[in-house]
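By convention here, the first residue in the shown sequence is residue 1.
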Amino acid sequence: MYNLMMNRLESWPEPIIRVQELSESGIKEIPERFVKFPSDRPCFMETTSHVNNIPLIDLENIKSSDESVRRETMELISRACREWGFFQVVNHGVSHQLMANARGVWREFFHLPLEEKQKLANSPITYEGYGSRLGVVKGAKLDWCDYFFLHYLPQKLKDENKWPSLPISCRKIIAEYGQEVMKLCERLMKILSINLGLNEDYLHTKFGGDSERGACLRVNFYPKCPQPDLTLGLSPHSDPGGMTLLLPDTDVSGLQVRRGDDWITVKPVPNAFIVNMGDQIQILSNAIYKSIEHRVIVNSAKERISLAFFYNPGGDILIKPADELATKDRVALYLPMTFNEYRAFIRTEGARGKSQVESLKSPR
């Protein structure tokens with residue numbers, strides 16, 4: 001199955017449409033390829049009453065000299081992972097200026113001339129570079145988004161020559177941002193492990209440790225859209241990897257998180273990261289922690305940019321529920337699969353809700 005999927009990833013099935021170019025051309029109606037089926041379109045009446053509801057956690061409290069404050073903060077994180085799969089963190093240790101610089105330099109990149117960005121155009125084999133679609137299904141409905149994807153880890157995949165050389169400061173800022181966000185991921189992974197009742201290094205080790213773990217960045221650019229009620233910036237999905245740290249624009253909301261039958265629009269807190277669990281954490285935790293379906297809406301008046309940092313297991317590592325969390329009362333829920341095999345699905349099919357992780361459930 002994995003080899004069959006990889007064979008389908010050699011090239012895009014159709015000419016690539018750059019969404020930003022469409023937006024800036026002055027069109028009044030979006031092409032049919034971007035018009036979602038009626039059941040998949042955003043409902044603005046539904047979303048405006050649910051704003052800023054995901055938990056907000058102050059990480060500084062983890063260092064408190066008051067044990068009850070530390071314990072309460074750990075419990076807030078645990079509850080967020082179990083009940084929401086999403087939370088925001090402030091006082092996380094990453095420089096606010098670096099966060100602003102990272103957003104700014106990527107906005108500059110997307111406003112470079114098209115011919116400059118085209119030099120870094122990607123293919124579906126690795127997704128590295130400048131892209132505009134997920135999946136290789138011919139005739140699929142497309143999302144209103146351009147993006148740039150790059151690797152930080154493992155070291156064998158990192159190639160700064162594939163990163164933008166313009167703006168001049170881009171590579172330096174990208175590298176510094178990755179180092180700092182990686183430290184935050186390591187800190188959060190220890191907290192998640194402890195909250196699961198495991199050794200603090202458990203998840204780090206299961207991801208492959210320092211030598212094999214993966215980390216990558218997808219920068220999403222959502223241009224203005226003349227008909228935002230007909231399309232989405234990113235279709236509903238759960239993240240296939242381990243854990244995601246999202247740095248969003250703060251002056252325009254776009255991320256929506258599924259909560260039962262509702263879609264909750266997240267209002268970003270200034271200088272906060274949005275943290276969410278990915279499918280690999282759901283599998284390793286035996287579904288104690290949840291990866292939650294989410295999507296992105298677009299805006300007719302404002303463009304939007306977000307930086308999604310994915311912290312993942314090594315590609316060849318077999319991921320399955322932790323033995324310590326698979327008991328007689330709660331048997332192992334998922335069949336083992338390597339992360340490379342797992343993410344080949346989304347690279348082939350595109351965003352498909354939670355269908356991939358659900359397909360791994362063990363037969364009872």
Side-chain angles (χ1 to χ4, degrees), residues 2 59 62 74 77-78 80-82 85-87 89 92-94 126-128 149-158 177-218 237-246 273-292 307-326 332-347 356-357 360:
Y2 175 62
L59 280 187
I62 293 288
M74 293 286 283
I77 295 172
S78 177
C81 293
R82 293 165 185 262
F86 273 82
F87 55 97
V89 291
H92 41 64
V94 180
T126 65
Y127 275 80
E128 286 180 279
F149 180 87
L150 59 87
H151 287 285
Y152 286 104
L153 291 174
Q155 202 63 38
K156 64 184 178 183
L157 291 181
K158 181 180 179 181
Y177 182 79
Q179 289 173 357
E180 292 305 306
V181 176
M182 188 83 66
K183 292 175 188 175
L184 177 55
C185 287
E186 291 169 352
R187 188 178 170 199
L188 288 169
M189 291 287 277
K190 287 183 178 181
I191 292 171
L192 299 185
S193 295
I194 292 168
N195 278 340
L196 285 168
L198 305 168
N199 180 282
E200 69 171 23
D201 291 325
Y202 183 89
L203 291 174
H204 176 74
T205 302
K206 288 299 179 181
F207 272 37
D210 290 343
S211 61
E212 294 185 69
R213 61 183 171 162
C216 48
L217 180 71
R218 176 177 154 132
H237 66 289
S238 58
D239 289 348
M243 179 177 66
T244 304
L245 264 60
L246 183 73
F273 283 102
I274 297 170
V275 183
N276 67 279
M277 303 296 101
D279 292 344
Q280 305 306 304
I281 291 284
Q282 176 168 320
I283 293 167
L284 277 162
S285 72
N286 206 24
I288 294 173
Y289 293 163
K290 306 294 192 299
S291 64
I292 299 298
L307 282 63
F309 186 93
F310 302 112
Y311 192 77
N312 299 326
D316 295 324
I317 294 175
L318 202 65
I319 300 297
K320 66 181 185 66
D323 293 339
E324 296 87 337
L325 303 177
L333 298 176
Y334 304 99
L335 299 169
M337 180 178 281
T338 70
F339 182 49
N340 273 343
E341 292 172 323
Y342 190 92
R343 67 180 164 190
F345 175 90
I346 195 169
R347 288 184 173 181
Q356 171 66 340
V357 72
L360 282 190

Next item on the list: Report the distance from atom CE of Met337 to atom NZ of Lys320, rounding to the nearest 0.5 Å.
Entry: 15.0 Å
Note to self: Distance check, rounded to the nearest 0.5 Å: Cys185 atom SG versus Leu203 atom CG?
What the structure shows: 12.0 Å
Margin query: Rounded at 0.5 Å granularity, tell me how far CZ in Phe207 sits from CG in Leu153.
Written below: 12.5 Å
Check: Do any N or O atoms from the side chain of Glu341 and from the backbone of Thr338 form a donor-acceptor pair under 3.5 angstrom?
Finding: yes
Notebook entry, point to check: Is there a side-chain contact between Asp239 and Asp279 (heavy atoms, below 4.5 Å)?
Noted result: no
Next item on the list: List the atom of Pro313, the atom of Ile319, and the distance in Å for their closest heavy-atom pair.
Entry: CB-CD1, 3.7 Å
Item checked: Heavy-atom check, side chain of Leu217 versus side chain of Leu307, under 4.5 Å -> yes
Check: Where do Glu200 and Ile191 land on the side chain to side chain contact (heavy atoms under 4.5 Å, CB included) test, with the steps shown first?
Finding: CA-CA 7 Å; Glu200 69 171 23; Ile191 292 171; over 6 Å; no
Check: Looking only at heavy atoms, what is the nearest atom pair of Ala308 and Thr244, with distance?
Finding: CB-CG2, 4.2 Å
Checklist line | Chi angles and distances behind the salt bridge (charged side-chain N to carboxylate O under 4.0 Å, His left out) call for Glu186, Lys183 | finding: CA-CA 5 Å; Glu186 291 169 352; Lys183 292 175 188 175; over 6 Å; no
Check: Under 3.5 Å, side chain of Ser78 to main-chain N/O of Met74, donor-acceptor pair present?
Finding: no
Checklist line | Closest non-hydrogen atom pair, Met243 against Leu245 | finding: CE-CD1, 4.1 Å
Next item on the list: Please lay out, stage by stage, how Leu325 and Ile288 fare under the test side chain to side chain contact (heavy atoms under 4.5 Å, CB included).
Entry: CA-CA 9 Å; Leu325 303 177; Ile288 294 173; 4.1 Å; yes
Note to self: Taking the side chain as everything from C-beta on, heavy atoms only, tell me whether Pro321 gets closer than 4.5 Å to Ile283.
What the structure shows: yes
Next item on the list: In sequence, state the C-alpha distance, the side-chain angles, and the governing distance for Met189 and Tyr311, and then conclude on side chain to side chain contact (heavy atoms under 4.5 Å, CB included).
Entry: CA-CA 10 Å; Met189 291 287 277; Tyr311 192 77; 3.7 Å; yes
Notebook entry, point to check: Taking the side chain as C-beta and beyond, is there a heavy-atom pair between Arg213 and Pro154 under 4.5 Å?
Noted result: no
Next item on the list: Output, in order, the C-alpha distance, side-chain angles, deciding distance and verdict of side chain to side chain contact (heavy atoms under 4.5 Å, CB included) for Gln280 and Asn312.
Entry: CA-CA 8 Å; Gln280 305 306 304; Asn312 299 326; 5.9 Å; no
Margin query: Tell me whether the rings of Phe309 and Tyr152 are parallel (<30°), tilted (30 to 60°) or perpendicular (>60°).
Written below: tilted
Next item on the list: On the 0 to 90° scale, with breaks at 30° and 60°, tag the Phe339-Tyr342 ring pair as parallel, tilted or perpendicular.
Entry: parallel
Margin query: Can you confirm whether Asn195 sits close enough to Tyr289 that some side-chain heavy atom of one is under 4.5 Å from a side-chain heavy atom of the other?
Written below: yes
Checklist line | Test item: Ile317 and Lys206 side chains (from C-beta on) under 4.5 Å apart, heavy atoms | finding: no
Notebook entry, point to check: Do Leu184 and Leu59 come within less than 4.5 Å of each other through their side chains, counting heavy atoms only?
Noted result: yes
Next item on the list: Look at the aromatic rings of Phe149 and Tyr127 and report parallel, tilted or perpendicular, splitting at 30° and 60°.
Entry: perpendicular
Item checked: Any donor-acceptor N/O pair, Asn286 side chain to Leu333 backbone, under 3.5 Å -> yes
Notebook entry, point to check: So do the side chains of Phe86 and Val275 get within less than 4.5 Å of each other, counting heavy atoms only?
Noted result: no
Check: Once you round to the nearest 0.5 Å, how far does OG of Ser238 lie from CE of Met277?
Finding: 12.5 Å
Next item on the list: Heavy atoms only: give me the nearest Asn340-Arg343 pair and the separation to one decimal.
Entry: OD1-NH2, 3.1 Å
Item checked: Any donor-acceptor N/O pair, Gln282 side chain to Ser291 backbone, under 3.5 Å -> yes
Note to self: Please determine whether salt bridge (charged side-chain N to carboxylate O under 4.0 Å, His left out) holds for the pair Lys158 and Glu128, giving the CA-CA distance in whole Å, both sets of side-chain angles, and the decisive distance to 0.1 Å.
What the structure shows: CA-CA 10 Å; Lys158 181 180 179 181; Glu128 286 180 279; over 6 Å; no
Margin query: Please give me the minimum heavy-atom distance between Asp201 and Asn199, naming the atom from each residue.
Written below: N-OD1, 2.8 Å
